[in-house]
Amino acid sequence: MLVRFMLLQKRLLKRYSFLLMLCLAPLLSAGVGRLAGEAAGIATIALYLPEGDAAAQEISERLLDERGVLRYLSCGDEEEARIMVETGQADAAWIFSEDLSEQIGALAGKRRVRPVVTVVERKDSVALILGREILASAIYPSFSYAVYESYVREELGITEMTDGALRRIYDSVAVEGSLFQMVYPDETPGEAEDFTYVQAPLRGILALWFTFVGLAASLYFMQDEERGVYGRVPVTKRLLASYTAGAVFLLDAAVVLLLSCKLAGVFTDWKREVAVCAVFAVCVLAFSNLLRMLCRTPGRLGMIFLPLLAAMLALCPVFLNLQNFRAGKRLLPPWYYLQSIHNTRYLYEMAVYTVILILISALLQRMQSRHR
């Protein structure tokens with residue numbers, strides 16, 4: 001078995017198409033990982049910040065320090081910010097007033113929530129709606145402290161306390177970080193995958209790539225069959241031979257998949273990644289071999305590549321996670337892989353699905369061998 005494995009591996013590594021297929025994933029991952037570190041965003045915001053206003057500076061620091069989905073451009077005055085929106089250099093402008101601190105203080109004293117920043121937009125969009133929420137979250141801490149200070153000074157009548165002491169007391173009881181913590185169904189913390197929107201679909205793309213490597217392995221096996229490479233292998237043992245040849249393909253691809261996830265910054269932990277990747281590899285191997293047996297010829301198998309890619313892009317949570325078509329989703333190995341990363345229940349379901357595929361393939365192999 002080891003000699004056979006080494007011969008198959010040596011034969012594969014001489015194929016430039018296979019080496020190119022393996023290189024695509026890490027190159028894409030390295031590029032996405034580098035792109036995620038660059039200044040980019042789904043929307044560009046022009047910021048006008050008046051000098052000398054403490055509240056405006058605090059809010060701007062919260063916005064600029066946060067690694068988010070918006071890109072900010074500083075402007076020298078209000079007119080420049082408006083011109084950038086009109087000329088298309090920015091999607092929106094956030095113009096902070098010269099007396100922002102006084103406005104926030106006045107609203108805090110009256111316990112009212114009113115707009116305090118002028119927002120100029122070219123057109124409304126989902127990205128800009130999200131941007132307004134980000135702006136509101138940056139303003140809220142300043143407004144919250146102003147309400148607290150107003151209540152202590154005016155309602156409680158504590159006027160002798162210095163501003164520094166009042167700030168220290170406020171900070172000592174303030175909730176740090178988010179009020180909510182995201183966890184997955186298997187209780188994995190949400191911070192396990194701390195990536196940007198640019199990196200988010202990469203794992204799904206890699207899962208699709210891995211599936212097509214398995215399909216390519218089946219296609220190579222069918223071409224070898226036609227050339228008589230497996231002429232001495234009995235028909236009843238062709239399924240085992242195809243599994244062996246495909247396993248060499250997917251072993252190399254599995255190493256590349258793990259490396260690519262690491263390079264792209266979407267890696268969780270080694271034990272989880274290796275376990276899920278191993279089951280996913282066997283699942284793809286069984287899935288591609290079943291399609292090979294159903295298609296019977298390399299031409300027919302090649303014809304389903306594009307429709308299958310479209311189905312996986314639509315049904316698997318690569319870019320969108322559709323709530324319907326659950327039956328169709330459960331027929332695709334990438335769906336199980338993407339779900340099982342943060343929920344072990346789907347890992348067991350993927351294992352059961354793999355066993356079902358193997359049993360169907362074995363039954364189909366027996367039926368086909370009887371007709372030859």
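Source: prediction; values computed, not measured.
- Using a 4.5 Å heavy-atom threshold, the side chains of Thr211 and Phe280 count as touching.
- Side-chain contact between Ser142 and Ile59: present, with at least one pair of heavy atoms (C-beta onward) separated by less than 4.5 Å.
- In this structure, Lys262 does not pair ionically with Glu273, as no charged nitrogen and carboxylate oxygen lie closer than 4.0 Å.
- Interatomic distance, CG of Leu219 versus SG of Cys295, reported as 10.0 Å (0.5 Å rounding).
- Smallest separation of non-hydrogen atoms from Ala217 and Gly246: CB-CA, 4.0 Å.
- Side chains of Gln339 and Asn343: a donor-acceptor N/O pair is absent below 3.5 angstrom, by distance only.
- Here CG of Leu357 is found 10.5 Å from CG of Leu285. Values are rounded to the nearest 0.5 Å.
- Clustering ILVMFWY residues whenever any of their side-chain heavy atoms sit less than 4.5 angstrom apart, transitively, puts Val119 in a cluster other than the one holding Ile95.
- Around atom CZ of Arg345, more than 12 heavy atoms belonging to other residues, nucleotides or ligands sit under 6.0 Å away.
- Using a 4.5 Å heavy-atom threshold, the side chains of Trp94 and Leu63 count as touching.
- Rounded to the nearest 0.5 angstrom, Ser101 OG and Asp99 CG are separated by 8.5 Å.
- Tyr346 is not listed as a side-chain neighbour of Leu338, based on a closest heavy-atom distance of 4.5 Å or more.
- The shortest distance between side-chain heavy atoms of Met312 and Val318 does not fall below 4.5 Å.
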Under the criterion side-chain contact (heavy atoms from CB on, under 4.5 Å), I'd like the reasoning laid out for Leu257 against Ser260: C-alpha separation, chi angles, the key distance, then a yes or no.
CA-CA 5 Å; Leu257 176 63; Ser260 300; 5.5 Å; no
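- The hydrophobic clustering, which links ILVMFWY residues whose side-chain heavy atoms are closer than 4.5 Å, places Ile360 and Tyr353 together.
- Considering only heavy atoms from C-beta on, Arg203 comes within 4.5 Å of Ile341 through its side chain.
- For the atom pair CG of Asp252 and CG of Leu19, the computed distance is 9.0 Å after rounding to the nearest 0.5 Å.
- Note on Leu20: it does not cluster hydrophobically with Leu27, by side-chain heavy-atom contacts below 4.5 Å among ILVMFWY residues.
- Distance OH/Tyr243 to CG/Leu250: 11.0 Å, rounded to 0.5 Å.
- The two residues Met84 and Ala46 make their nearest non-hydrogen contact at SD-CB, 4.1 Å.
- Taking the six-membered ring where the residue is Trp, the centroids of Phe210 and Tyr337 are separated by 6.0 Å or more.
- Side chain to side chain, Ser361 and Asn289 fail the donor-acceptor criterion of an N or O pair below 3.5 Å.
- Put simply, OH on Tyr336 and CG on Leu347 are 12.0 Å apart, with the number rounded to the nearest 0.5 Å.
- Taking every heavy atom of both residues into account, Met350 and Pro333 meet most closely at SD-O, 4.3 Å.
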Would Leu308 and Leu291 satisfy side-chain contact (heavy atoms from CB on, under 4.5 Å), going step by step from the backbone distance to the final call?
CA-CA 11 Å; Leu308 186 61; Leu291 289 181; 4.1 Å; yes
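- The minimum heavy-atom distance linking Gly76 with Tyr48 is given by the pair O-CE1, 3.5 Å.
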CA sep, side-chain torsions, deciding dist, call: Tyr348, Val352, side-chain contact (heavy atoms from CB on, under 4.5 Å):
CA-CA 6 Å; Tyr348 298 132; Val352 173; 5.6 Å; no
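- Listed for the Ser144 side chain is no donor-acceptor partner under 3.5 Å among the backbone atoms of Tyr140.
- Formation of a donor-acceptor pair under 3.5 Å by the Trp335 side chain with backbone atoms of Arg326 is not found in this model.
- For the residue pair Leu206 and Ala25, the shortest heavy atom distance occurs at CD2-CB, 3.8 Å.
- Between Leu359 and Leu363, the closest side-chain pair of non-hydrogen atoms is not below 4.5 Å.
- Put simply, the residue from Glu80, Glu86, Glu78 that forms a side chain to side chain donor-acceptor pair (under 3.5 Å) with Arg82 is Glu78.
- Closest of all the heavy-atom pairs between Glu225 and Arg292 is OE1-NH1, 4.2 Å.
- Note on Ile304 and Phe212: same hydrophobic cluster, where clusters join Ile, Leu, Val, Met, Phe, Trp and Tyr whose side-chain heavy atoms are under 4.5 Å apart, directly or indirectly.
- Around the CZ atom of Phe305, the shell of radius 6.0 Å holds more than 12 heavy atoms that belong to other residues, nucleotides or ligands.
- There is no path of hydrophobic side-chain contacts, each under 4.5 Å, that joins Leu70 to Val85.
- Looking at heavy atoms from C-beta onward, Val256 lies out of side-chain contact with Leu24 at the 4.5 angstrom threshold.
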